Amino acid sequence: MKALVFADVGRMEVREVPDPVIEQDNDIVVRVSSAAICGSDLHMYQGRTSAQPGMIFGHEIMGVVEKVGNGVQLLKEGDRVSLPFNVSCGTCFNCCRGFVNACLSTNPKLPGGGYGYADLGPYRGGQAELVRVPFADFNALKLPGTPGDRWEDDFIMLSDVLPTGYHSCIMADVCPGASVAIFGAGPVGYMATLSAFLLDAAEVYVVDRSEVRLNKVAELEAIPVDFSKVDPVQFILNARKENLAIQESFRPGEEKMAGVLCGIDAVGYQALNRNDPNSEKSIQVIEDLVQIVDATGSIGLIGVYFSEDPGGMDQNARQGVFNIPLGALWAKGIKVGTGQAPVKRYNALLRDAIIQDRIHPGKLVSHRLRLEHGPEAYEKFVQRGAGEGAEYTKVILKPNG
Ligand code: NAD
Ligand code: ZN
Ligand code: ZN
């Protein structure tokens, strides 16, 4: 089969590779109808996180069941399925408690398995014509319809960015009426914005510098904040003060709560340094959130801070050590959640919200490309909404045409 393969830092290639086969009784093989490129793939593509040349990336996958192992009970050939990026067994201590992001059976090194990702186990990614799915009855989510229908772009978001954005809101305790600040208007930030409104947040600020990406979140009725033009900390604090001032019934002392209750980091450890936007500063977003989030508030750090091997942008990041302002967090009593999203906790409900026309996450998709255009798509997407990559808001590869 044909697959998009990591050749070297900054270089992907289309190559002929062996077809995946049924290895265990509970495996299926899926013919991929859509496989998205994710900001998480860029950590490996840019060399921040190690990756072996020859690896097939791609953990945002959907398609049609082509082969079924003897032990599979719930799926048959021809079923349309979405695959959560976490590969999980469904029966270990953590899976039983809903933490499929920390499955103890699917990755020999760490808790938590995934397709096509460094250190998340031996599973090939889905930026290819076919992909093997272990523990298929548990891992595959059945979908209605047929490939290429009006839901295709919406459903491909169920593998990762939609439930991940939703999970960031859950970690940040977003609730009806909440004020929310989201850093990063990439695909994860976009889905966090969509999810915040789905959870009835009242006021959502989204910080980025990409005009195209900020316009996208503005379509969802978020307030865009361009950090290349304004200081996002001052902007959000001022806007909140003005909003509070027009409320008539202040309770005493409420003016001390002029930030937001919920903060989300949808950037991760490639955050740009606001004072020098040509360089990176791994904790820029955390520093900003600590100032913006009020006492008693919550922060969802959904952006990746993970670097097992050399390749990070500075010595601290390389070692996975980050100078988090813990004193300020402690003084404000801010709760912080981190880690991989447990996709299965949310994907069936989000699928149903799509079917019921409550959300349209597929509106983010800018490009649907054949595998041959994959290398160029990576080159554009890595510019993160700037320069020639400005229009590449979410790229979907179509390995089977
Ligand atoms: P992306 O790189 O496409 O988007 C990040 C955005 O952040 C860019 O638009 C960039 O301009 C912006 N940005 C950079 N520096 C900034 C700053 N200082 N302030 C505000 N915005 C800034 O990535 P994405 O696909 O949207 O993913 C975002 C993060 O979420 C990545 O780290 C990704 O690996 C991670 N992620 C985590 C999970 C999980 O389960 N925890 C799942 C998927 C993705
Ligand atoms: Zn992803
Ligand atoms: Zn498990």
Side-chain angles (χ1 to χ4, degrees), residues 35-44 46 48-49 57-61 84-97 99-107 111-117 125 135 138-139 157 159-165 167-168 171 181-192 206-210 212-214 216-217 225-228 232-233 264-275 277 280-289 300-306 337-343 364 381-386 389 392-395:
I37 302 178
C38 178
S40 294
D41 296 325
L42 301 180
H43 299 306
M44 297 181 290
Q46 294 187 288
R48 262 187 307 281
T49 300
F57 293 173
H59 55 270
E60 304 187 2
I61 317 163
F85 80 85
N86 325 105
V87 179
S88 53
C89 72
T91 53
C92 73
F93 177 70
N94 288 343
C95 281
C96 285
R97 296 183 305 124
F99 293 95
V100 289
N101 54 309
C103 175
L104 299 171
S105 313
T106 49
N107 180 351
Y115 300 95
Y117 211 85
F135 302 103
F138 188 68
N139 279 309
M157 304 300 162
S159 286
D160 180 357
V161 286
L162 176 57
T164 291
H167 182 61
S168 72
M171 290 197 293
I182 299 172
F183 281 73
V188 172
Y190 180 90
M191 296 302 164
V206 182
V207 182
D208 205 305
R209 64 165 182 177
S210 158
V212 177
R213 291 181 168 198
L214 287 171
K216 277 288 201 202
V217 292
V225 184
D226 184 341
F227 75 78
S228 69
V233 173
I264 291 172
D265 173 348
V267 183
Y269 72 133
Q270 82 284 9
L272 296 166
N273 185 342
R274 285 200 279 107
N275 299 319
E280 293 171 325
K281 183 179 185 195
S282 48
I283 55 158
Q284 176 74 73
V285 172
I286 300 174
E287 285 173 348
D288 288 353
L289 281 173
L301 287 187
I302 201 73
V304 164
Y305 289 86
F306 171 78
T338 64
Q340 256 189 44
V343 169
L364 184 63
F381 188 59
V382 78
Q383 297 177 38
R384 297 191 170 82
Y392 285 64
T393 49
K394 187 73 179 170
V395 181

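For ligands, and for the atoms within them, numbers begin at 1 and follow the listed sequence. What you are looking at is a predicted structure, and each value in this text was computed from that prediction instead of being measured.
Tyr305 and Tyr269 have tilted rings, their planes meeting at an angle from 30° to 60° on a 0 to 90° scale.
Under a 4.0 Å criterion applied to the non-hydrogen atoms of Gly303, ligand 1 contributes the atoms 29 (C), 30 (O), 32 (O), 35 (C). Interface atoms of ligand 1 facing Phe85, defined by a heavy-atom separation under 4.0 Å, are 40 (O). Below 4.0 Å from some heavy atom of His43 lie the following atoms of ligand 1, by number and element: 31 (C), 32 (O), 33 (C), 34 (O). Annotation for ligand 1: atoms under 4.0 Å from non-hydrogen atoms of Gln284 are 18 (N).
The shortest N or O to N or O distance between Ala185 and ligand 1 is not below 3.5 Å. Of the N or O atoms in Arg209, none lie within a sub-3.5 Å distance of an N or O in ligand 1. The shortest N or O to N or O distance between Ala271 and ligand 1 is not under 3.5 Å. Considering backbone and side-chain N/O of Arg213, one or more are found under 3.5 Å from N/O of ligand 1. Ligand 1 has an N or O atom lying under 3.5 Å from an N or O atom of Leu272, backbone or side chain.
Rounded to 10°, the angle formed at the Zn ion (ligand 3) by Cys95 SG and Cys103 SG is 110°.
Within the 4.0 Å heavy-atom cutoff, Pro187 counts among the residues contacting ligand 1. Ligand 1 has no atom lying under 4.0 Å from any heavy atom of Leu42. Residue contact annotation: Gly385 has no non-hydrogen atom under 4.0 Å from ligand 1. Note on ligand 1: Pro232 sits outside its first shell, no heavy atom being nearer than 4.0 Å.
At the shortest separation from atom 2 (O) of ligand 1 among protein heavy atoms lies Arg384 NE, 2.4 Å. Among all protein heavy atoms, the one lying closest to atom 11 (O) of ligand 1 is Asp208 OD1, 2.7 Å.
Closest non-hydrogen pair, Ser88 versus Phe138, comes out as OG-CE2, 3.3 Å. Closest of all the heavy-atom pairs between Cys38 and Lys394 is CA-NZ, 4.0 Å. Contact detail for Cys95 and Cys89: the closest heavy-atom pair is SG-N, 3.7 Å.
The atom of Glu60 nearest to the Zn ion (ligand 2) is OE2, with the search restricted to N, O or S atoms. Note on Asp160: its N/O/S atom closest to the Zn ion (ligand 2) is OD2.
The option with the heavy atom closest to atom 5 (C) of ligand 1, from among Gly189, Cys38, Ala266, is Ala266.
Looking at Gln270 against ligand 1, only its side chain comes within 4.0 Å, counting heavy atoms. Both the backbone and the side chain of Val304 come within 4.0 Å of ligand 1, judged by heavy-atom distances. With a heavy-atom cut-off of 4.0 Å, Tyr190 does not touch ligand 1 at all. With a 4.0 Å heavy-atom cut-off, ligand 1 is reached by no atom of Val161.
A side-chain donor-acceptor contact under 3.5 Å links Ser228 and Asp226.
The nearest N, O or S atom of Cys96 is not closer to the Zn ion (ligand 3) than 2.8 Å.
Of the possible polar contacts, one joining the Thr393 side chain to the Leu364 backbone as a donor-acceptor pair under 3.5 Å is found.
A centroid separation of 6.0 Å or more is found between the aromatic rings of His59 and Tyr115.
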